[in-house]
**Student:** 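First the structure, which I've put down as C-alpha cells, then a few questions once you've had a look.
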Amino acid sequence: MNTSFTKIALIVPLFVTLAGCIPSPEDLESTPVKVQTPKGEVTCQLYRQDRVIWDRAINFPATKMSVPEADAYCRQEGQRRLK
C-alpha cells in the first residue's frame with residue numbers, strides 16, 4: 001500500500017475533527033451594544049468577554065467617522081467591560 005495515501009487517510013479525518021472544534025466569531029457574538037461618542041452613536045458587535053480583537057462597529061455615523069475610528073470605539077468598549 002502507498003504510504004503517502006495512508007498518511008493522507010489518517011491526517012484528513014484529524015483536520016476535519018479539529019476544524020469542527022474551532023469557533024468562528026459568529027459563534028461568539030453578543031447582543032449588539034450601543035456606545036455614545038462625541039460624534040454620535042456607534043453600535044458595536046462584541047464577541048469574547050476576555051478578548052476584544054474581534055470587536056467591531058456594525059453601525060455608526062459614516063459622515064462623521066471612519067470605519068477604523070468606529071471600530072476603535074467598540075474595542076474601547078470591550079476593554080471597559082473587561083475590567
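All of these numbers come straight from a predicted model, not from anything done at the bench. Just so you know, these numbers use all the heavy atoms, side chains as well, and skip hydrogens, waters and symmetry mates.
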**Student:** Quick one: name the residues clustered hydrophobically with Val35, using the 4.5 Å side-chain heavy-atom rule over I, L, V, M, F, W, Y, and just say none if it's on its own.
**Tutor:**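 Its cluster mates, by chain and number, are Val33, Leu46.
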**Student:** What residue pairs, at least two apart or across chains, pass disulfide (SG to SG under 2.5 Å) with a residue in residues 32-83?
**Tutor:**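 Non-adjacent pairs meeting disulfide (SG to SG under 2.5 Å): Cys44-Cys74.
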**Student:** Check side chain to side chain contact (heavy atoms under 4.5 Å, CB included) between Gln76 and all other residues, then give those that pass, not counting sequence neighbours.
**Tutor:**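 Side chain to side chain contact (heavy atoms under 4.5 Å, CB included) list for Gln76, sorted by chain: Tyr73.
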**Student:** Taking only residues two or more places apart in sequence or in another chain, which ones pass side chain to side chain donor-acceptor pair (under 3.5 Å) with Gln79?
**Tutor:**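 Partners of Gln79 under the side chain to side chain donor-acceptor pair (under 3.5 Å) test: none.
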**Student:** Other than Leu82, which residues form its hydrophobic cluster under the rule that side-chain heavy atoms must be closer than 4.5 Å?
**Tutor:**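 Val52, listed by chain and number.
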**Student:** Determine all donor-acceptor pairs shorter than 3.5 Å in which one atom belongs to a side chain in residues 55-63; sequence neighbours excluded.
**Tutor:**
from  : atom 1 : to    : atom 2 : distance (Å)
Asp55 : OD1    : Tyr47 : N      : 3.0
Arg56 : NE     : Tyr47 : OH     : 3.1
Arg56 : NH2    : Tyr47 : OH     : 3.4

**Student:** Enumerate the residue pairs fulfilling salt bridge (Lys or Arg N to Asp or Glu O under 4.0 Å) with a member in residues 67-80, sequence neighbours excluded, ordered by first and then second residue.
**Tutor:**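 Listed by first then second residue: Lys39-Glu69, Glu77-Arg80, Glu77-Arg81.
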